[in-house]
Amino acid sequence: MKELKDRILAEGRALNEDILKVDSFINHQVDMELMSAIGKEFAEHFKDLGITKVITIESSGIIPAGMTALELGVPLVILKKASSNVLNDDMIHTEVTSFTKGNSYELSLCKRYITENDHVLFIDDFLANGEAATGVIRLLRMLHATMAGIGILIEKTFQPGRGKLEDAGFEVYSLARIKKLEAGSIEFMD
Ligand code: G4P
C-alpha cells in the first residue's frame, strides 16, 4: 500500500536490524486518515470471504482492526493481554511468547463473543515471528471458529512469521513488507 510505505519512509526509524519505530503515526500518535484508508484496503481485499468478525490484540491493533470491521460491517473483538481480577468462567486463555519484547503474556477471550459459526479476520500492526497470530488461531480453535485470513500493516519478511502461518494454511496479506532494516535505513520487498 503506497500511502503506508511512503509514510514509513518519511517517518519510520529503524532502531537496529530488528526494530522499526512508527510511533508518530501508528503506535503512539495515530494518523486516523491513514487508518481509515487501511481499513478500506483490508475490507476490499477480504470482502468476499464471508467474514463475520474482525479480531485483534490490544493495543496497537485496535484502531486498524476497528476501521476494517467498520468497513466490513461486522463486530470487532479485542483480545485482552492483562488478566482480569474479576473471576469469569466464560474466558479462555492461551500463552504467547514475544521474542521482540522478550516476555510472555496471556491472551484472553470471552467465549460469548466468538462461536463455532464465526469466520474471523485477524488484523495486527506488526508481523515478526507470528507468535501473536498463532495464539489467536489456538483460541479460535478452542471455540471451533475458523480463521478467514490475517491482515498485517507491517511485515518484517526477514523474520519467520509469514512462513509459519502459510505453512499452517493461512493467508497473510501485508500492506508493507520490509526486507531489511539497518540503523537509519529501511528497504522494502518490492
Ligand atoms: P509476533 O507476534 O509476530 O511473534 O511478534 P512479537 O511477539 O515479536 O511482537 C511483540 C510486540 O512487538 C507486538 O506489540 C508487536 O506489534 C511489536 N513489534 C514487533 N516488531 C516490531 C517492530 O519492528 N517495531 C515496533 N514498533 N513494534 C514491533 P505488542 O506487545 O502487542 O504491543 P502493542 O504495541 O500492540 O501494545
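Just follow the structure's listing: the first ligand is 1, and inside any ligand the first atom is 1. The analysis underlying the following values was restricted to heavy atoms, covering all of them including side chains, and did not include hydrogens, waters or symmetry mates.
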**Q** May I ask you to identify the nearest protein heavy atom to atom 24 (N) of ligand 1, giving residue, atom name and distance to one decimal place in Å?
**A** Leu20 O, 2.6 Å
**Q** May I ask you to identify the nearest protein heavy atom to atom 16 (O) of ligand 1, giving residue, atom name and distance to one decimal place in Å?
**A** Asp125 OD1, 3.0 Å
**Q** Does ligand 1 have any atom sitting under 4.0 Å from a heavy atom of Asp124?
**A** no
**Q** When you compare the side chains of Glu41 and Tyr173, does any donor N or O come within less than 3.5 Å of an acceptor on the partner?
**A** yes
**Q** Students should be able to answer this: which protein heavy-atom is nearest to atom 34 (O) of ligand 1, and at what distance?
**A** Ser60 OG, 2.7 Å
**Q** May I ask you to identify the nearest protein heavy atom to atom 4 (O) of ligand 1, giving residue, atom name and distance to one decimal place in Å?
**A** Glu131 N, 2.9 Å
**Q** Over all heavy atoms of both residues, which pair between Pro64 and Ser60 is shortest? Give the atoms and the distance, please.
**A** CD-O, 3.5 Å
**Q** Please write down residue, atom name and distance for the protein heavy atom closest to atom 21 (C) of ligand 1.
**A**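 Checked against all protein heavy atoms, atom 21 (C) of ligand 1 sits closest to Lys156 NZ, 3.4 Å.
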**Q** Run Ser24 and Glu11 through side-chain hydrogen bond (donor to acceptor under 3.5 Å, both in side chains) and show every step you take.
**A** CA-CA 7 Å; Ser24 65; Glu11 291 183 34; 2.4 Å; yes
**Q** Out of all atoms in ligand 1, which are within 4.0 Å of some heavy atom of Lys81? Include the element for each.
**A**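 That gives atoms 29 (P), 30 (O), 31 (O), 32 (O), 36 (O) of ligand 1.
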**Q** Considering only non-hydrogen protein atoms, determine which one is nearest to atom 11 (C) of ligand 1 and report residue, atom name and distance to 0.1 Å.
**A** Lys101 CE, 3.8 Å
**Q** Do any N/O atoms on Ile19 end up under 3.5 angstrom from N/O atoms on ligand 1?
**A** no
**Q** For residues Arg138 and Thr94, is any side-chain donor paired with an opposing acceptor at under 3.5 Å?
**A** yes
**Q** Tell me whether Lys5 forms a cation-pi arrangement with Phe188, defined as NZ or CZ under 6.0 Å from the six-membered ring centre and within 45 degrees of its axis.
**A** yes
**Q** With atoms numbered from 1 as shown, which atoms in ligand 1 lie under 4.0 angstrom from a non-hydrogen atom of Asn27?
**A**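 It comes down to these atoms of ligand 1: 26 (N).
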**Q** If you take all heavy atoms of Gly12 and Ile186, which pair is closest and at what distance?
**A** O-CD1, 3.8 Å
**Q** Closest heavy-atom contact between Val136 and Leu79?
**A**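 For Val136 versus Leu79, the nearest heavy atoms are CG2-CD1, 3.6 Å.
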**Q** Looking only at side chains, do Thr52 and His119 share a donor and an acceptor under 3.5 Å apart?
**A**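 Absent: no donor and acceptor within the cut-off.
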**Q** Provide the number and element of each atom of ligand 1 under 4.0 Å from a heavy atom of Asp18.
**A** 23 (O)
**Q** Before signing off on this row, confirm whether Gly130 and ligand 1 have an N or O atom pair separated by under 3.5 Å.
**A**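 Checking ligand 1 against Gly130, an N or O pair does fall under 3.5 Å apart.
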**Q** Provide, to 0.1 Å, the distance between atom 5 (O) of ligand 1 and the closest protein heavy atom, together with that atom's residue and name.
**A** Ala128 CB, 3.5 Å
**Q** To which protein heavy atom is atom 7 (O) of ligand 1 closest, and what is the distance rounded to 0.1 Å?
**A** Ser98 OG, 3.1 Å
**Q** Considering non-hydrogen atoms only, spot the tightest contact between Tyr105 and Ser98 and give its length.
**A** CE2-CB, 4.3 Å
